[in-house]
Amino acid sequence: MSVKLNEKYLSGFVSEIEVKKISHLTEAAYSLVKSGEGEGSDFLGWVDLPVNYDKEEFARIKDAAAKIQKNCDVFVVIGIGGSYLGARAAIEYVKSPLYNNLAKDTPEIYFAGNTISSSALADVLRLCEGKDVCVNVISKSGTTTEPAVTFRIFRELLEKKYGEEGARERIFVTTDRARGKLKEFSTEKGYETFVVPDDIGGRYSVLTAVGLLPIAVAGIDIDAMMKGAADAREKYSVNCWKSNECLRYAALRNIMYNKGKSMEILVSYEPSVQMFCEWWKQLYGESEGKDNKALYPSSVIFSTDLHSLGQYIQEGQRTMFETVIDFKKSVDTVVISDDPNNIDGLNFLSGKELHDVNRMAMTGTLFAHNDGGVANVVIEVEDRSEYSFGYLVYFFELACAVSGYMLGVNPFDQPGVEAYKKNMYALLGKPGYEEHKAELEARMN
């Protein structure tokens, strides 16, 4: 088993009786996911994706990744939100946050189109100078401002450098199967395209071509990743609040919320998991944050953040609980040496593996935060492998869907995201927004 729920550090905060009392809601929510009878059921394609994914496209992803690895020094992934977070999370989780510094047989990978900052884009453009470049633009519509503007700039760069024919071999598009501006343009230009499935929303799409192409370019085993997700799907296929740990996690979150907690902090003691935390925050924030409801998803990397936010968590307002990802094994082994002079007074650590010290810091913190009145859910993970990444992704996706239905919201829409876009388009003078622009300008004055 790659993932295990440890409820030891919930003792005194949540009782088994409380979990049982809401078990009818937990199992009813799970039934809505599995039956497809709940709100947003058009976006449940991720549920069986690990076993019924498009095998032909999967093979094309591998072939395209090999081509990209051969033809470029720099691979630029253009997308925002779910169109880039999952892939970046996977690369840093399995490889390293320093992947670009350590990569030898695979291209450097940079993510762009997730901001409108001119400085951020200029930095990526500078990194491409004097190097061979390939691009993967990811957008269902092709008209989302951030990636669309960035793709326009990179397309011009590639066409100037390689000519239109050469650029065609270096541009890969992940978009709608049959419609949308980007799909039409890609067909016209002859770019190789991959599919953003109609029945899978962006934040649930990491195990589709959206995430898998960049992940494969990094030299990561996507077969093992899908195997992990498939095994998780099988493991969590029983609708039982007692034995299904994914359902228990969803139930525990809702119990905490009903007890007045307003924030869940995802904790890891591995810096490689920071971008996974960012993916998790989008998954839960965008799925549940509706109708003035839901836990606010936050994250920290310990022990680093123990020296900044640790004081607040220990003794601040009791409005939060922590979910800790505990990796049993480390990717690397570092042994602390002995200092004959014991200058730093740390010879009691001599001969110990740093990973073991890290886990003792985790255990000490769990006890301290418990004593300070902070409940902790611990999710034990075997290692930081492709397999465990796929397994953990499926665990959190399923728990999110169940938790959202328990909360009484549609976990698959995001109506609030459109508010800023409407205002931005109006202020920038997009055709069709003239009346709204006048309203906003009046408010500005």
Given ring-ring contact (aromatic ring centres under 6.0 Å, His included), test Tyr405 with Tyr30 step by step and report yes or no.
CA-CA 8 Å; Tyr405 280 142; Tyr30 181 82; over 10 Å; no
Kindly compute the distance separating OG (Ser299) from CE (Met275), expressed to the nearest 0.5 Å.
10.0 Å
With rounding to the nearest 0.5 Å, note down the distance linking CZ in Arg384 to CG in Leu392.
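Answer for the CZ-CG pair, Arg384 versus Leu392, is 12.5 Å.
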Can you tell me if [X] uses its side chain to pair, donor with acceptor, with the backbone of [Y] under 3.5 Å?
X: Ser23; Y: Lys20; result: yes
X: Gln282; Y: Gly82; result: yes
X: Glu322; Y: Val267; result: no
X: Glu27; Y: Trp241; result: yes
X: Arg318; Y: Gly372; result: yes
X: Glu386; Y: Asp221; result: yes
X: Ser268; Y: Ile301; result: no
X: Gln314; Y: Ala368; result: yes
X: His355; Y: Phe327; result: yes
X: Lys290; Y: Gln414; result: no

With side chains defined as the heavy atoms from C-beta onward, is the minimum distance between [X] and [Y] less than 4.5 Å?
X: Ile200; Y: Phe43; answer: no
X: Gln274; Y: Pro97; answer: no
X: Lys95; Y: Ile220; answer: yes
X: Leu207; Y: Met226; answer: yes
X: Asn6; Y: Ile379; answer: no
X: Arg88; Y: Trp279; answer: no
X: Glu192; Y: Phe194; answer: yes
X: Phe396; Y: Leu283; answer: yes

Identified salt bridge (charged side-chain N to carboxylate O under 4.0 Å, His left out) partner of Glu382 from the options Lys329, Lys4, Lys328
Lys329
ring-ring contact (aromatic ring centres under 6.0 Å, His included) between Phe58 and Tyr53, worked out
CA-CA 8 Å; Phe58 197 78; Tyr53 60 90; 4.8 Å; yes
If you measure from the Lys or Arg side-chain nitrogens to the Asp or Glu carboxylate oxygens, is any gap between [X] and [Y] under 4.0 Å?
X: Asp176; Y: Lys183; value: no
X: Glu286; Y: Arg203; value: yes
X: Glu18; Y: Lys259; value: yes
X: Glu56; Y: Arg60; value: yes
X: Asp198; Y: Arg177; value: no
X: Lys437; Y: Glu434; value: no

Check Ile138, Val149, Ile80, Leu182 against Thr144 for a side-chain contact (heavy atoms from CB on, under 4.5 Å) and give me the one that passes.
Ile80
Under 3.5 Å side-chain donor-acceptor pair for [X] and [Y]:
X: Ser330; Y: Asp332; result: no
X: Glu288; Y: Ser403; result: yes
X: Ser141; Y: Lys181; result: no
X: Ser272; Y: Glu92; result: no

Take atom NZ in Lys34; do more than 12 heavy atoms of anything else shown fall under 6.0 Å from it?
yes
Taking all non-hydrogen atoms of both residues, which atom of Leu127 and which atom of Val74 are closest, and how far apart?
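Heavy atoms only, the tightest pair is O-CG2, 4.1 Å.
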Here the pair of heavy atoms bringing Met320 nearest to Ile265 is SD-CD1, 3.4 Å
Lys NZ or Arg CZ of Arg155 over Phe151 ring: under 6.0 Å, within 45°:
yes
Please lay out, stage by stage, how Asp231 and Tyr394 fare under the test side-chain hydrogen bond (donor to acceptor under 3.5 Å, both in side chains).
CA-CA 9 Å; Asp231 285 356; Tyr394 195 88; over 6 Å; no
Between Glu108 and Tyr110, does a side-chain hydrogen bond (donor to acceptor under 3.5 Å, both in side chains) hold up when you go through it step by step?
CA-CA 7 Å; Glu108 296 174 15; Tyr110 296 100; 2.7 Å; yes
For the residue pair Tyr93 and Phe276, does the interplanar ring angle fall in the parallel (under 30°), tilted (30 to 60°) or perpendicular (over 60°) class?
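Taking Phe276 first and then Tyr93, their aromatic rings sit tilted (interplane angle of 30° to 60°).
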Criterion side chain to side chain contact (heavy atoms under 4.5 Å, CB included) on Val374 and Asn376, from CA distance to verdict:
CA-CA 7 Å; Val374 182; Asn376 275 257; 4.1 Å; yes
Dump the intermediate steps for side chain to side chain contact (heavy atoms under 4.5 Å, CB included) on Val377 and Leu10, then the final yes or no.
CA-CA 6 Å; Val377 180; Leu10 286 173; 3.9 Å; yes
Check the pair Arg248, Glu245 against salt bridge (charged side-chain N to carboxylate O under 4.0 Å, His left out), reporting the backbone distance first and the verdict last.
CA-CA 5 Å; Arg248 290 187 69 87; Glu245 294 184 332; over 6 Å; no
Evaluate side-chain hydrogen bond (donor to acceptor under 3.5 Å, both in side chains) for Ser303 paired with Asn358, printing each intermediate quantity in order.
CA-CA 8 Å; Ser303 63; Asn358 198 24; 5.2 Å; no
Are Phe172 and Tyr191, when compared by the centres of their aromatic rings, separated by less than 6.0 Å?
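Ring-ring flag for Phe172/Tyr191: false, centres at least 6.0 Å apart.
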Can you check whether Phe367 and Tyr9 have ring centres sitting under 6.0 Å from each other?
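Centroid separation for Phe367 and Tyr9: below 6.0 Å.
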Run Asp305 and Phe302 through side chain to side chain contact (heavy atoms under 4.5 Å, CB included) and show every step you take.
CA-CA 5 Å; Asp305 290 332; Phe302 288 161; 3.9 Å; yes
Could you walk me through whether His436 and Asn423 pass side-chain hydrogen bond (donor to acceptor under 3.5 Å, both in side chains), step by step?
CA-CA 8 Å; His436 189 54; Asn423 290 343; 2.7 Å; yes
Quick one: do Thr363 and Thr365 satisfy side chain to side chain contact (heavy atoms under 4.5 Å, CB included)? Show the steps, please.
CA-CA 5 Å; Thr363 302; Thr365 303; over 6 Å; no
Passes ring-ring contact (aromatic ring centres under 6.0 Å, His included), Phe412 versus Tyr204? Steps please.
CA-CA 9 Å; Phe412 306 111; Tyr204 290 84; 5.4 Å; yes
